[in-house]
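Start at 1 with the first residue, then count along the sequence.
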Amino acid sequence: MPVAGANPPPDGVPAVASPRPAELLDLHPAPADLERLVLEGMARQPRQLPAWLLYDAEGSRLFEAIGQQPEYGLTRVESALLKERAPELAEALGEGIAPAPVLVEFGAGNLAKVGPLLEALQPAAYVALDISLNQLGPSCRALQERHPTVPVLGICCDYAELDQLPSHPLLEGRPRLGFYPGSSLGNFDPPQARELLQRFARLLGANGRLLIGIDQPKERARLEAAYDDAAGVSAAFALNLLRRLNRELGGDFDPAAFSYCAHWQPTDSRIAMALVSRHPQTVTLAGRSWRFAAGEPLITEYSVKYTPAAFQALAAEAGWRAIRRWCDDADDFSLHLLVQADSVTLRPDNAFPDAIDHHADSPSLRSEP
Ligand code: AVI
């Protein structure tokens, strides 16, 4: 269902900056689905809610603020990689692909990372998938103005549940390249992450490729600080979930009765983020009562960190072949380029199949095949 496009320019004003308005499709889960998912999560032991629920309008704003905290380096490091390496990323991503592809970004958020890639790749269209309609609409319109030659389509949806991309003229008859930045794959447990990568392969179609950002394990103190920053933004982000539940599912959570914590769990190579009940209490949600013991957690998110080898093994289980990796100087974070395992990779002259094998020349950013 189309919900909004950028307003056309007023009469008499030529549309020079943007030849077409960004389009938006709204496939957000219905309130009934939200209630079912929350009830399922509350019945789990420990209680755990889907991470995408964190991203209402306020949650999206707070997540952007997390990206600016000194302790949370992921966003800065990935953005620098994308900016500095855009030409070679685009070349590797689009190598041998014809006609001009559609670039599909999963979990696009505020669309702040894709600019350099759009410039370098010049795809036939850009499709942004995200759960937050509030953020997606203005972000798509702003992006369309900055990149008037690339048609922009926003699709508000839970991309982890999408069986196919909606039919739309921009998506017809074009190869699809995927972009999944931010290490959001880490917010799914490994079996779900494998399924998600398989889903992306189906959504992108035969010969689809995927450029994906993956955060790596590092020292406990750094990780725990990144997910529990001194300014309290990560805590506010998690506590905002309770306000959303109160508002949308008639809950009576008292945010002051929960404390936020983020712990590194080395066995599972993940940060566990939780709201912990400060004392025994009963909460009403979706017309039911839920008892919390003192110290009982409500898991808001996990963030799994993958070494390059662990990620590449997971990708292989999902039918992808990792053909190249870019990382920062400290090797804290990687961008991996994946091709479908049964596809052949063509040299630019399309002469014969080969694995791509480039080497980095920048001292601060590295790449390996
Ligand atoms: C979106 N995602 C990759 C973030 C992460 O790092 O796992 C979510 C986040 N939650 C708290 N801080 C960041």
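Looking at Ile212 and Leu197, their side chains come closer than 4.5 Å, going by heavy atoms from C-beta outward. Counting heavy atoms from C-beta on, the side chains of Thr300 and Leu49 never come closer than 4.5 Å. The closest side-chain heavy-atom distance from Leu143 to Leu118 is below 4.5 Å. Taking 4.5 Å as the limit, every side-chain heavy atom of Glu64 sits out of range of all side-chain heavy atoms of Thr75. By the 4.5 Å heavy-atom criterion applied to side chains, Arg270 and Ser303 are not counted as neighbours. Counting only heavy atoms from C-beta outward, the side chains of Cys140 and Leu111 approach each other to under 4.5 Å. For the pair Phe253/Leu245, a side-chain contact is recorded, criterion being any heavy-atom separation below 4.5 Å from C-beta on. Side-chain contact between His168 and Leu153: present, with at least one pair of heavy atoms (C-beta onward) separated by less than 4.5 Å.
Of all heavy-atom pairs spanning Asp332 and Asp215, the tightest one is O-OD1, 3.2 Å. Looking at every heavy atom in both residues, Pro166 comes nearest to Leu25 through CG-CD1, 3.7 Å. What you find for Leu335 and Glu78 is that their closest heavy atoms are CD2-OE2, 3.8 Å. Here the closest heavy-atom approach between residue Leu117 and residue Ala90 is recorded as CD1-N, 4.2 Å. Residue Asn187 comes nearest to Glu301 through the heavy atom pair ND2-OE2, 3.4 Å, listed as atom of the first residue, atom of the second, then distance. Taking all atoms of both residues into account, the shortest heavy-atom contact from Ile97 to Asn207 is CD1-O, 4.2 Å.
Using modelled atom types, one finds a donor on one side chain and an acceptor on the other under 3.5 Å when comparing Ser234 with Asp229. No side-chain donor-acceptor contact under 3.5 Å links Asn246 and Asp252. Side-chain N/O atoms of Ser289 and Thr282 include no donor and acceptor closer than 3.5 Å. A donor atom on one side chain and an acceptor atom on the other are found under 3.5 Å apart for Trp326 and Glu88. For the residue pair Ser277/Gln281, the side-chain donor-acceptor check at 3.5 Å is satisfied.
Tracing side-chain contacts under 4.5 Å through hydrophobic residues (I, L, V, M, F, W, Y), one never reaches Leu239 starting from Ile299; they form parts of separate clusters. No continuous path of ILVMFWY side-chain contacts below 4.5 Å connects Ile271 to Val276, so the two sit in separate hydrophobic clusters.
Evaluation of the ring pair (Phe, Tyr, Trp, His ring centres under 6.0 Å) test over residues 259-308, restricted to residues two or more places apart or in two chains, returns Phe258-Phe292. Sorted by first and then second residue, the pairs that involve residues 68-112 and meet ring pair (Phe, Tyr, Trp, His ring centres under 6.0 Å), not counting sequence neighbours, are Tyr72-Tyr227, Phe106-Phe200.
His336 pairs with exactly one of Trp320, Phe179, Phe311 by the ring-ring contact (aromatic ring centres under 6.0 Å, His included) rule, that one being Phe311. Test Val114, Val127, Val150 against Leu103 for side chain to side chain contact (heavy atoms under 4.5 Å, CB included) and you get one pass: Val114.
Taken to the nearest 0.5 Å, the CZ atom of Arg202 stands 11.0 Å off from the CG atom of Leu204. Separation of atoms CZ (Arg61) and CD (Gln135) is listed at 11.5 Å; rounding is to 0.5 Å. We find the OG-CD distance between Ser183 and Gln216 to be 9.0 Å, quoted to the nearest 0.5 Å.
Between the side chain of Asp130 and the main chain of Ala108, a donor-acceptor pair closer than 3.5 Å is present.
Every residue two or more places apart in sequence or in another chain that forms a side-chain hydrogen bond (donor to acceptor under 3.5 Å, both in side chains) with Glu224 is listed here: Arg220.
Shown here is Arg288, whose CZ atom has no more than 12 heavy atoms of other residues, nucleotides or ligands within 6.0 Å.
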